[in-house]
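Letters go in sequence order (proteins before strands), and every chain restarts at 1.
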2 protein chains.
Amino acid sequence: MSNDPLVVFTPSGKRGRFPVGTPILQAARQLGVDLDSVCGGRGICSKCQVTPSYGDFPKHGITVRDGALSDWNAVEQRYDDKRGLPKGRRLGCQAQVQGDVVIDVPPESQVHRQVVRKEAAARDIEMAPATRTYYIAVDEPDMHTPTGDVERIDRALSQQWEIEGATVEPSLLPDLQKVLRKGNWYVTVAVHADHRGGPPRILQIWPGLYEGGLHGLAIDLGSTTIAAHLCDLRTGAVLASSGVMNPQIRFGEDLMSRVSYAMMNPGGDKDMTDAVRTAINGLTQGIATEAGIDTQSIMETVFVCNPVMHHLLLGIDPVELGQAPFALATSDSLTLPAPSLDLTAMNPCAQVYLLPCIAGHVGADAAAVALSEEPGKREDLSLVVDVGTNAEILLGNTTRVLACSSPTGPAFEGAQISSGQRAAPGAIERVEIDPATKEPRFRVIGCDLWSDEDGFAEATKGTGITGICGSGIIEAVAEMRMAGLLDPSGLIGSAEATGTPRCIPEGRTHAYVLHDASDTGGPRITVTQGDIRAIQLAKSALYAGARLLMDEMGVDKVDRVVLAGAFGAHISPKHAMVLGMIPDVPLDHVTSAGNAAGTGARIALCSITARAEIEETVHRITKVETAIEPKFQEHFVAANAIPHATDPFPELRAVVNLPQVSFNTGSDEGGGRRRRRRA
Amino acid sequence: MSNDPLVVFTPSGKRGRFPVGTPILQAARQLGVDLDSVCGGRGICSKCQVTPSYGDFPKHGITVRDGALSDWNAVEQRYDDKRGLPKGRRLGCQAQVQGDVVIDVPPESQVHRQVVRKEAAARDIEMAPATRTYYIAVDEPDMHTPTGDVERIDRALSQQWEIEGATVEPSLLPDLQKVLRKGNWYVTVAVHADHRGGPPRILQIWPGLYEGGLHGLAIDLGSTTIAAHLCDLRTGAVLASSGVMNPQIRFGEDLMSRVSYAMMNPGGDKDMTDAVRTAINGLTQGIATEAGIDTQSIMETVFVCNPVMHHLLLGIDPVELGQAPFALATSDSLTLPAPSLDLTAMNPCAQVYLLPCIAGHVGADAAAVALSEEPGKREDLSLVVDVGTNAEILLGNTTRVLACSSPTGPAFEGAQISSGQRAAPGAIERVEIDPATKEPRFRVIGCDLWSDEDGFAEATKGTGITGICGSGIIEAVAEMRMAGLLDPSGLIGSAEATGTPRCIPEGRTHAYVLHDASDTGGPRITVTQGDIRAIQLAKSALYAGARLLMDEMGVDKVDRVVLAGAFGAHISPKHAMVLGMIPDVPLDHVTSAGNAAGTGARIALCSITARAEIEETVHRITKVETAIEPKFQEHFVAANAIPHATDPFPELRAVVNLPQVSFNTGSDEGGGRRRRRRA
């Protein structure tokens with residue numbers, strides 16, 4: 001092993017050793033890290049901006065000290081003077097390696113930006129937003145019956161809209177008189193009235209009739225990605241959806257690494273809080289620009305997130321969540337002013353609503369899934385699984401709803417997989433292996449053709465074939481099992497045993513070659529024994545969580561399965577069942593709910609009735625703690641095998657080419673208050 | 001008139017022309033301006049700090065431009081580097097006159113600091129503070145029935161104190177878990193529950209039993225002085241009282257000058273807002289130090305003030321208050337977080353309560369007087385006069401209460417008087433003139449002897465006899481009238497007509513020499529014809545206001561008079577009646593209420609019941625606008641004469657030496673809920 005400094009890039013996790021003096025941009029290119037540059041490294045385009053991180057990184061086995069990069073140089077200074085570099089940023093073409101260093105590549109410096117697959121599901125929501133606008137005619141002041149302008153606004157709201165006892169935010173007072181006079185005593189006010197019955201609050205006032213719109217953000221704050229929907233608060237329409245990577249990834253890929261980071265580094269929780277708030281501000285600005293709206297018209301924001309994200313967003317050290325009894329600082333829903341969370345890219349009077357957490361490991365994201373999927377409103381027994389770095393699992397019917405979370409880890413998102421990558425153009429997302437020939441065919445993100453179809457090579461020239469993402473690896477493993485390449489314990493057979501040269505030796509085990517372009521200098525993409533083990537661990541955790549809830553409920557099977565979450569939306573239900581991720585049910589009883597947490601956030605954004613409902617629902621949910629339940633370990637071990645050796649639904653093979661969203665039945669047997677449209 | 005630059009000092013109003021290059025400290029000394037220095041002008045002690053003001057000063061007929069003072073020099077830089085000079089400050093010994101300039105002498109640079117005569121009146125108040133502390137035992141977290149720490153605190157408050165549905169301030173969340181664990185699940189919380197019925201709010205949390213006390217400030221924010229009482233929120237005890245000059249004085253001595261300043265200078269209102277908030281922060285810090293308490297224990301603050309001060313405190317441009325219809329931006333009471341007013345010298349979760357304003361010219365200070373004096377709770381008809389730069393006047397009984405304000409100007413405070421000064425040691429505060437010999441005797445602040453008593457010269461050696469303050473000038477004018485030195489129209493007679501050489505010619509009129517030490521280089525203190533006119537204008541305005549309310553009430557006389565306000569507490573009721581400031585009533589029906597506005601603020605600080613009561617009362621008060629009422633002008637003109645040519649209460653001459661506070665009857669016929677003790 002060389003003594004050259006180690007350079008680790010996040011979020012890709014790519015790493016390598018480089019001689020002192022190597023520019024970061026050059027290191028990135030050698031490792032295939034996705035770092036942009038269009039000026040030839042002259043420090044002009046600034047597209048290669050990176051953020052070095054300092055401190056201890058036990059996970060990478062290094063400590064990054066001051067001086068790990070060369071000093072800020074004249075080129076960077078010139079760029080900063082001219083156009084400004086965000087704090088903490090360096091130009092990758094200028095900064096040179098001097099010691100071990102961790103380099104974060106922000107989303108805007110990535111050429112192939114992450115496809116944050118969190119589109120808004122079409123859903124009709126009965127609008128009852130917390131903040132609405134009212135156009136009012138205010139009495140002019142009369143010195144014979146003197147009252148304040150505020151008090152006459154209140155009278156107008158009472159007489160013209162039956163809104164009683166409204167208060168005005170202190171920050172509006174300085175401009176109030178000018179606005180009233182500019183509007184010639186006609187004004188539009190934005191009034192926030194929540195479901196808790198406090199006095200209505202006037203958050204904004206515009207002269208005359210305001211027609212600029214009122215907007216809200218529904219934010220699904222995940223461990224890996226932050227996804228936002230910008231909605232019109234009057235109609236509920238989604239005007240734009242956008243996502244960024246959660247920059248906390250540089251402090252740890254999964255939740256427990258971040259909790260550990262906070263434990264090991266005094267003040268580390270503050271760094272993570274700052275990072276995520278900054279990212280949310282950037283996302284807010286970006287989505288507003290995309291939709292062409294003024295950020296000042298954003299008056300409401302709803303967050304759904306797991307408990308660790310929830311605490312870090314609030315500026316609370318998550319250390320208590322890392323050890324029994326996993327005590328949440330606060331679990332009920334919260335309504336807060338945006339500035340209290342440093343959310344500066346929206347109206348300063350904007351109100352932030354956080355859905356309640358269910359338990360120390362079951363967060364507001366699970367509550368949002370419960371709000372969106374409503375298992376407690378159906379007679380049949382639903383298992384709702386929100387798959388992410390953690391899986392949130394709900395099981396219930398009208399009699400009872402249970403919830404737990406299960407630490408699946410990032411394997412389902414393509415991390416910890418040898419050729420794994422996040423879902424981005426060029427990633428293999430669908431796989432089929434012919435049981436007879438053992439030959440694979442696949443599809444990559446960004447191309448509608450299968451790899452054995454005419455024109456595939458031409459169509460993928462732009463993106464290349466760069467790796468395999470979460471849904472791809474699940475299908476690959478399941479297909480390998482059904483093609484007889486894996487035994488029930490998950491062991492890959494040799495070329496001799498399987499009869500295909502694609503099974504090659506790798507150390508003391510074997511790997512299956514899915515794609516090999518190495519003779520033309522391209523990548524070779526394999527599924528290794530390690531990959532199989534990672535997927536087995538993840539699916540066992542998921543299944544064990546579901547099983548634990550079924551035990552608690554006293555049932556052996558469920559009536560239907562709902563796959564939710566960014567990744568859940570892309571899982572093939574058949575392959576999930578082959579793997580044993582989820583209990584067996586008829587295939588048409590498996591529904592993909594899309595980004596159910598995001599949908600729940602959007603429902604809460606648009607409706608205070610829904611806020612009241614989910615707060616009530618959460619109190620009735622029975623929480624099951626997987627971390628301390630001995631049976632969880634039993635189930636986990638028992639779930640290691642891959643149950644199905646053959647295709648359980650061979651008749652569907654012909655139509656498997658359909659996109660998975662066709663499994664979304666859009667059914668609505670249980671409720672009716674909110675109607676869904678087919679996606 | 002010389003062409004030398006004009007130097008105007010505030011708050012004294014002293015002015016003079018000085019050659020270019022004159023140090024400010026030297027100019028101050030030549031004019032007798034109270035500016036400290038103990039290092040001989042070497043720039044070491046920094047006691048001569050001053051604040052130059054720039055811009056247009058129509059009142060002084062000058063424009064102060066950049067460069068009006070010599071450049072910041074090396075001595076000032078050295079001091080600033082070593083110990084720091086507040087922004088905008090110069091050292092008076094270093095800065096030299098270069099052009100017309102207005103120089104503010106901050107309170108800490110005055111040797112004889114203003115005696116802010118606003119002691120707290122002793123008053124028993126039934127305690128019902130908005131914020132109280134509660135000691136609670138919180139359940140430990142249990143992962144089998146997971147709830148947040150906040151939710152278990154709420155449960156403890158409910159079970160142990162019957163406080164339901166409390167919310168926690170967002171800023172407390174980050175430290176909450178550590179505090180709970182540090183206190184081993186025993187904590188003390190400060191809970192704010194106001195009279196409007198919103199949810200109780202937890203403003204602070206301490207580990208274990210907190211015994212550091214909970215404090216509140218009652219602040220009487222006047223045009224001239226800012227007076228504060230620091231109170232124990234558990235007992236109501238006044239721990240310290242303190243006052244500072246209102247630094248807005250440099251923008252204009254009276255309210256209308258400040259409104260004009262805001263009109264003439266864009267952003268001028270912001271400067272005044274900043275100045276007063278900074279002063280309040282300094283006052284808060286000072287009073288906390290004096291009482292030996294931690295500023296973080298200040299959780300409540302109540303303000304009473306006139307409408308212009310009210311708006312400037314809130315950051316509202318007062319321009320609308322300077323013109324009909326005198327519209328207030330907001331008139332009802334307000335409860336605000338301290339940071340929204342930049343009040344940084346108290347707990348960041350402290351709550352600020354502003355009493356309601358009654359009308360565009362009748363402020364929260366008048367409401368506080370109404371709360372303290374309760375004219376609406378008595379059968380007999382009370383006239384309550386709060387004398388300041390503006391007089392707030394209330395007239396009423398159980399059937400009805402009327403209110404107005406009257407622009408008396410600053411004469412009653414010793415301003416606009418030739419030998420006038422604010423109440424400070426050395427100021428003449430009591431005067432008697434023998435009707436036979438026309439010889440005066442007087443007392444000065446800081447000495448208990450009359451000027452004709454043995455030892456007076458010795459006793460006043462320290463303070464000197466420096467001028468005449470408000471109560472002194474009133475007595476002087478009344479005594480002059482009773483001694484036959486003035487005719488009913490207020491004209492001073494000549495030496496021939498009056499038979500005393502103390503009446504000396506001055507221009508085309510005469511002046512009365514009250515004190516003359518000019519042959520030994522001391523001051524000569526006279527009452528000039530201009531002084532008489534100034535007092536006549538002020539007392540006519542006051543009387544006309546009272547008369548207007550009596551007209552509205554349909555009465556010709558009142559049953560009792562209450563003199564309130566810092567200055568009202570020091571007025572001799574007899575002399576006020578001689579002058580015709582107030583309607584004639586038997587002398588024992590004149591009460592001095594001391595600083596009634598400050599007392600009202602203190603009551604509101606200690607009792608949310610009182611807050612609810614005054615809000616209700618203010619809505620029932622009939623407002624009378626003096627500025628547009630033609631009869632006000634009639635009354636004003638008619639009130640010009642000085643009615644009493646002889647002592648109306650000669651039998652009281654013998655006991656007039658008693659301090660005026662003996663007139664405080666401490667009566668409590670009307671109410672009984674709050675009991676008063678004799679001062």
For this session: Would you list the pairs meeting salt bridge (charged side-chain N to carboxylate O under 4.0 Å, His left out) in which at least one residue belongs to residues 346-356 of chain B, sequence neighbours left out?
Result: none
Between chain B and chain A, going by a 3.5 Å limit, which atoms form donor-acceptor pairs, if any?
residue: B:Gly148; atom: N; partner: A:Ser331; partner atom: OG; Å: 3.0
residue: B:Asp149; atom: N; partner: A:Leu328; partner atom: O; Å: 2.8
residue: B:Asp149; atom: N; partner: A:Ala329; partner atom: O; Å: 3.0
residue: B:Val150; atom: N; partner: A:Ala329; partner atom: O; Å: 2.8
residue: B:Glu151; atom: OE1; partner: A:Ser331; partner atom: N; Å: 2.8
residue: B:Glu151; atom: OE1; partner: A:Ser331; partner atom: OG; Å: 3.1
residue: B:Glu151; atom: OE2; partner: A:Thr330; partner atom: OG1; Å: 3.3
residue: B:Glu151; atom: OE2; partner: A:Ser331; partner atom: N; Å: 3.2
residue: B:Glu151; atom: OE2; partner: A:Asp332; partner atom: N; Å: 2.7
residue: B:Gln177; atom: NE2; partner: A:Ala327; partner atom: O; Å: 3.0
residue: B:Arg181; atom: NE; partner: A:Glu320; partner atom: OE1; Å: 3.3
residue: B:Arg181; atom: NE; partner: A:Glu320; partner atom: OE2; Å: 3.0
residue: B:Glu320; atom: OE1; partner: A:Arg181; partner atom: NE; Å: 3.3
residue: B:Glu320; atom: OE2; partner: A:Arg181; partner atom: NE; Å: 3.0
residue: B:Ala327; atom: O; partner: A:Gln177; partner atom: NE2; Å: 3.0
residue: B:Leu328; atom: O; partner: A:Asp149; partner atom: N; Å: 2.7
residue: B:Ala329; atom: O; partner: A:Asp149; partner atom: N; Å: 3.0
residue: B:Ala329; atom: O; partner: A:Val150; partner atom: N; Å: 2.8
residue: B:Thr330; atom: OG1; partner: A:Glu151; partner atom: OE2; Å: 3.3
residue: B:Ser331; atom: N; partner: A:Glu151; partner atom: OE1; Å: 2.9
residue: B:Ser331; atom: N; partner: A:Glu151; partner atom: OE2; Å: 3.2
residue: B:Ser331; atom: OG; partner: A:Gly148; partner atom: N; Å: 3.0
residue: B:Ser331; atom: OG; partner: A:Glu151; partner atom: OE1; Å: 3.1
residue: B:Asp332; atom: N; partner: A:Glu151; partner atom: OE2; Å: 2.7

Exercise. Is the shortest heavy-atom distance from the side chain of B:Ile205 to the side chain of B:Val168 under 4.5 Å?
Worked result: no
For this session: Heavy atoms only: give me the nearest B:Phe326-B:Leu321 pair and the separation to one decimal.
Result: CD2-O, 3.4 Å
For this session: Could you check which of A:Pro307, A:Ala329, A:Pro141 has the highest count of heavy-atom pairs closer than 4.5 Å to chain B?
Result: A:Ala329
For this session: Side chain from CB out, backbone as N, CA, C, O: work out which of these in A:Leu341 comes under 4.5 Å of a heavy atom of chain B, or both, or neither.
Result: neither
Exercise. Can you find a heavy atom in the side chain of A:Leu336 that is under 4.5 Å from one in the side chain of A:Phe303?
Worked result: no
Problem set entry | Validation row: B:Leu176, A:Ile316 side chains within 4.5 angstrom (heavy atoms) | no
Exercise. Any side-chain heavy atom of A:Leu313 sitting closer than 4.5 Å to one from A:Leu354?
Worked result: yes
Problem set entry | Residue pair B:Val138 / B:Val187, side-chain heavy-atom distance below 4.5 Å | yes
Exercise. Which atoms of B:Leu173 come close to chain A, meaning under 4.5 Å heavy atom to heavy atom: side chain ones, backbone ones, both, or neither?
Worked result: both
Exercise. Side chain, backbone, both or neither: which part of B:Ile153 has an atom under 4.5 Å from a heavy atom of chain A?
Worked result: neither
Exercise. Looking at B:Ala367 and B:Val618, what are the two nearest heavy atoms and their distance?
Worked result: CB-CG2, 3.8 Å
